[in-house]
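In each ligand, atom 1 is the first atom listed, and ligand 1 is the first ligand listed.
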Amino acid sequence: MNAQIAIIGSLTDLPKNYRKEKFKSFGESFVYHGQDEVLLCLGTDKQRRTVEDIRFLGGKARKEAEKNFIDNVYMDFNSLINIWRELTEKEIVINFLEGWYLAGYSFERYKQNKNKYKSRLSILGKSYEDYQKTALTRAEAVNIARDLCNEPANKLTPQIYSEKLSSIFKNSKVEIEIIEEMNLRQAGFHAVYTVGKGSNYSPKVALLKFNNGEGSPIALVGKGVTYDSGGTNMKTGGDIAEMKMDMGGSAAVVGAVKLLADLNYSVNLIAIIPLVVNVAGGEAYLPSDLITYQNGKTVEVGNTDAEGRLILADSILYAQAMGAENIVDIATLTGSIGYALGLKIAGVFCNDESLLWELKTLGEKSGDYIWPMPLVEDYQSLLESDTADLNNMSSSAFGGAITAALFLKNFVGDRCKWIHIDMANTVRPWKREGYYGPGASGFGVRLLAEIVQCERK
Ligand code: BES
Ligand code: ZN
Ligand code: ZN
């Protein structure tokens, strides 16, 4: 069956020969059956309309089309361009298509019965080849991150992860270097070694280098815990299968590097991805263990489940040793961030507070929403240790996302601009609507690319 998409602001826009139905909210859709074709109608009435609303419509259009087994969908962008005067034609077309492509994602690798049905989209009137290409590149990068997050823990060990990186960056300008377990300490990754040594799946660090521009490198650091059982401080209760996605930060970094490389964006970029499995066992690290970092700083392990900050600290030091003056880290770091912000918006911290609202704007633009969080200096005292310079566990049950960020700040030098994103609450979509479905959201890919582009300006 074929269908045309009608973007309608209100019911009165409907062609006369179509039956009228109640049309209540933005994004609501109806399929009207005509004689030879159907009309897929999407409502667009809304007060403040954004680029994310356009992506939402693109996603919704595809899902409705596929639900109704519509083979060919014809889209005339003119109506949308006429209705949404606050956005440019380019913004409208790219973002609608991005939503359409993202909505086509499903993770069916391990299912015998795959749902192969796909609707095709054709654009009427004008050719938008370049915009189509941009939208597809963006969606593919996000889908790489979704794929990585959706893999079961036994299908994404540090070793398998590093092999996947080779295939993702094959035929690109991105160079990959893997630091194996036996070389970790020599390279300065003392905490990655310590956290990872309890698992039979040995820890590693993956470095991605995209040297495609001038100046000191921008460093992206992503938490790559391919499974987090909590270690000796074992997690109990809740859905601990979720912890296969404790590498969501690293997936965001991989997707962002892929996106920037595919766009041939002019930037000198390094990505540092610590890969570990955090489990308990005879060789696992223990509460009270001491870690001495590359800069001499000592940390007492108060809790083996606060492993993310330990391995990120190594990576942040390494980034500075590589000459980076701009560091962005992203991690599924704390359960607390979800209590603070709910499940739609991640937290962003920065050692230059004046940048926080601009960062929030980049979140809105990208569809990966973030909200400013404070680095409350007084709370540093909650990380004091009797034996070491720092404890990885706060002595307070409150403000866990803030104390985790403060822990990291101890490893950032004064010359460095540092952004920290805690995305523990957004690694899955908060609702399966628009271009989101089951599984991971792909959060952070477009946001990181946006931040890198902003830093280069
Ligand atoms: N990976 C978790 C954080 C997390 C929680 C991610 C929920 C996704 C969903 C992290 O390693 C962790 O366990 N953090 C602890 C820290 C605590 C022990 C100080 C937490 O947030 O409870
Ligand atoms: Zn943990
Ligand atoms: Zn974790």
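Here V225 fails the criterion, with no N, O or S atom under 2.8 Å of the Zn ion (ligand 3). At a cut-off of 2.8 Å, E307 is counted among the residues with an N, O or S atom near the Zn ion (ligand 2). Among the atoms of D305, no N, O or S atom is found under 2.8 Å from the Zn ion (ligand 3).
No heavy atom of M247 sits closer than 4.0 Å to any atom of ligand 1. Taking a 4.0 Å cut-off on heavy atoms, M245 fails to register as neighbouring ligand 1.
In this structure, the protein non-hydrogen atom closest to atom 16 (C) of ligand 1 is R309 NH2, 3.8 Å. L333 O, 3.3 Å is the protein heavy atom nearest to atom 10 (C) of ligand 1.
Its N, O or S atom nearest to the Zn ion (ligand 2) is what matters here, and for D228 that atom is OD2. The Zn ion (ligand 3) sits nearest to atom OD2 when only the N, O or S atoms of D246 are considered.
Atoms of ligand 1 found under 4.0 Å from any heavy atom of A424, numbered from 1 in the order shown, are 6 (C), 8 (C). For ligand 1 and K235, the ligand atoms under 4.0 Å from any heavy atom of the residue are 2 (C), 12 (C), 13 (O). Per-residue contacts place E307 under 4.0 angstrom from the following atoms of ligand 1 (heavy atoms of the residue considered): 11 (O). Counting the atoms of ligand 1 from 1 in the order shown, those under 4.0 Å from a heavy atom of K223 are 1 (N), 10 (C), 11 (O). Under a 4.0 Å criterion applied to the non-hydrogen atoms of M243, ligand 1 contributes the atoms 1 (N), 4 (C), 5 (C), 6 (C), 7 (C), 8 (C), 9 (C).
With sequence neighbours left out, the side-chain contact (heavy atoms from CB on, under 4.5 Å) criterion links S288 to no other residue.
Taking only nitrogen or oxygen atoms, main chain and side chain alike, T334 does not reach within less than 3.5 Å of ligand 1.
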